[in-house]
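Worksheet for the structure shown next.
The model shown is predicted, which means the values in this text are computed figures rather than measured ones.
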Amino acid sequence: MPFLLPETLGVTTQQRLVIAGAVGLATAGIVSSAVWWYRRTSKPVFKPVGQLSEIWIHPIKSCRGHQVSSAECTPAGLRGNGLYDRVFVVLSEANRMVTLRQEPTLALLEPRISEDGDCLILEAPGMDPLSVRLSDIAESVNPVRTFGIWRLDGEGMDCGEDAGTWLSTYLKKPDHKLVYFKEGHNKPRRQNMDSKWGDKFTSKDKLTGYQDLAPILLLTQASLDDLNSHLEQPISARNARPNLVVSGASAFDEDLWKYVRIGDTVTMRRTHACGRCRLTTVDPETGAFRSDGEPLATLKKYRMLDKSNPDSKPLGVAPVLGSNLVCEVFGSIKVGDTVYAAV
């Protein structure tokens, strides 16, 4: 898929011409207006803040993720290891989205891509592996399922009876389904569609998979380390389920980054902090909720937004950890890339 570059964050040639023309008019009022306009539209000033240390792809929402060494930031989402992030989701008998909040054993369900790149393989404890041919899904006449993703409606192509039977057997509940986000399926723009977070997005921001809010979640290693310093039993990045982990920055620096650039090209815009829920309390190695309610209990003690922050109201009782991002300039990223930020 070719990369589609959106408008850059910088000042365009046309803008410079307008400013030059204003100066040529030699009137103080027009010149002042032009200078003000230039400053308003000038590009963010990026400074190096660390290195990209981890990249995670979660092919099936709420299932086990894969750590990869490189990925593509594309208009269709983050792609690595042959699969896009969160383009599959499990549905219940009632066509409702199933996540770790309802089924913590999904943490042990590991999707991977076959060596020839044509099959999604599902593996889980006590189950024989299941192979689902991706080309068959793309060409399938299986029904398109409609379901809710929080305050938005979504669609997905049913991956077939075999996948549904396999999931139902694993979850020990009837009539579950695996659905796939195929190009052309409905996923409304969040702007003006989401009563809580719509004002954080523009008309150009599209969600092309089954992410909760923004397509990319970033976390600094220092933030994870800081949280673990408060815990008797430390957690891993798998608990937080980020896409990107940045090392070299200070704890919670990501709260202040308005824009993030990775390497020379890929540029992302922060939409808001990531509010945390009981999903973080699922032990990714056992597929069960932790009895001590951690790390959520500790996060609530020191990572609640101040009431003066406008995001505190929509977040409610959710503490924050990490930042939600949308990609504005697409390209390739790899572990070891320098990460830049504008505050």
Nearest 0.5 Å, what's the [atom1]-[atom2] distance between [X] and [Y]?
| X | Y | atom1 | atom2 | answer |
| --- | --- | --- | --- | --- |
| Cys159 | Leu134 | SG | CG | 8.5 Å |
| Ile216 | Leu218 | CD1 | CG | 9.0 Å |
| Leu122 | Leu167 | CG | CG | 6.5 Å |
| Tyr340 | Trp257 | OH | CH2 | 13.0 Å |
| Asp162 | Asp136 | CG | CG | 10.5 Å |
| Thr146 | Asn95 | OG1 | CG | 8.0 Å |

Go through the steps to decide whether Arg133 and Ser135 satisfy the test side chain to side chain donor-acceptor pair (under 3.5 Å), and finish with yes or no. CA-CA 6 Å; Arg133 191 170 296 277; Ser135 58; 4.9 Å; no
Do [X] and [Y] have side chains that get closer than 4.5 Å, going by heavy atoms?
| X | Y | value |
| --- | --- | --- |
| Leu244 | Met268 | yes |
| Val87 | Pro59 | no |
| Ile235 | Thr280 | no |
| Gln233 | Asp283 | yes |
| Leu296 | Pro319 | yes |
| Leu91 | Asp158 | no |
| His230 | Leu299 | no |
| Val266 | Asp337 | no |

Checking side-chain contact (heavy atoms from CB on, under 4.5 Å) against Ile57, which of Ile113, Asn81, Asp85 comes through? Asp85
Taking [X] for its side chain and [Y] for its backbone only, find out whether a donor-acceptor pair lies under 3.5 Å.
| X | Y | result |
| --- | --- | --- |
| Ser62 | Leu100 | yes |
| Asp175 | Ser168 | no |
| Arg303 | Val320 | yes |
| Asn243 | Trp56 | yes |
| Asn239 | Val282 | yes |
| Arg261 | Gly263 | yes |
| Arg238 | Pro284 | no |
| Arg276 | Ala240 | yes |
| Ser114 | Cys119 | yes |
| Thr220 | Glu254 | no |

Answer yes if [X] and [Y] sit in the same cluster of Ile, Leu, Val, Met, Phe, Trp and Tyr residues linked by side chain heavy atoms under 4.5 Å apart, and no otherwise.
| X | Y | answer |
| --- | --- | --- |
| Val335 | Leu224 | no |
| Leu106 | Ile121 | no |
| Val343 | Val246 | yes |
| Leu321 | Met304 | no |
| Ile137 | Ile60 | yes |

Quiz question: by atom type and distance under 3.5 Å, do the side chains of [X] and [Y] form a donor-acceptor pair?
| X | Y | result |
| --- | --- | --- |
| Gln221 | Ser53 | no |
| Thr74 | Arg79 | no |
| Tyr302 | Asp226 | yes |

I need the minimum non-hydrogen distance between [X] and [Y], along with the two atoms involved.
| X | Y | answer |
| --- | --- | --- |
| Tyr210 | Phe88 | CD1-C, 3.7 Å |
| Phe289 | Arg278 | CZ-NH1, 3.2 Å |
| Val179 | Gly156 | CB-C, 4.0 Å |
| His58 | Pro242 | CE1-O, 3.3 Å |
| Gln102 | Met97 | OE1-O, 3.8 Å |
| Ser69 | Ile55 | O-CD1, 3.9 Å |

Presence of salt bridge, Glu123 and Arg112, under 4.0 angstrom: yes
What's the verdict on side-chain contact (heavy atoms from CB on, under 4.5 Å) for Leu109 and Trp166, showing C-alpha distance, side-chain angles and the deciding distance? CA-CA 11 Å; Leu109 196 166; Trp166 192 93; 3.7 Å; yes
Sequence neighbours left out, what pairs pass ring-ring contact (aromatic ring centres under 6.0 Å, His included) with at least one residue falling in residues 116-144? none
Can you list every pair that meets side-chain hydrogen bond (donor to acceptor under 3.5 Å, both in side chains) and has a residue in residues 290-299, with sequence neighbours left out? Arg290-Asp292, Glu294-Thr298
Candidate pair Ser92 and His176, rule side-chain contact (heavy atoms from CB on, under 4.5 Å), full reasoning: CA-CA 5 Å; Ser92 70; His176 277 64; 4.1 Å; yes
More than 12 non-hydrogen atoms from neighbouring residues, nucleotides or ligands closer than 6.0 Å to CG on Asp264, yes or no? no
Evaluate the side-chain contact (heavy atoms from CB on, under 4.5 Å) criterion for residues Phe330 and Thr265: first the C-alpha distance (whole Å), next the side-chain angles of each, then the deciding distance (0.1 Å), finally the verdict. CA-CA 7 Å; Phe330 306 101; Thr265 304; over 6 Å; no
From CA spacing to verdict: side-chain contact (heavy atoms from CB on, under 4.5 Å), Leu315, His272: CA-CA 10 Å; Leu315 282 169; His272 56 293; 5.7 Å; no
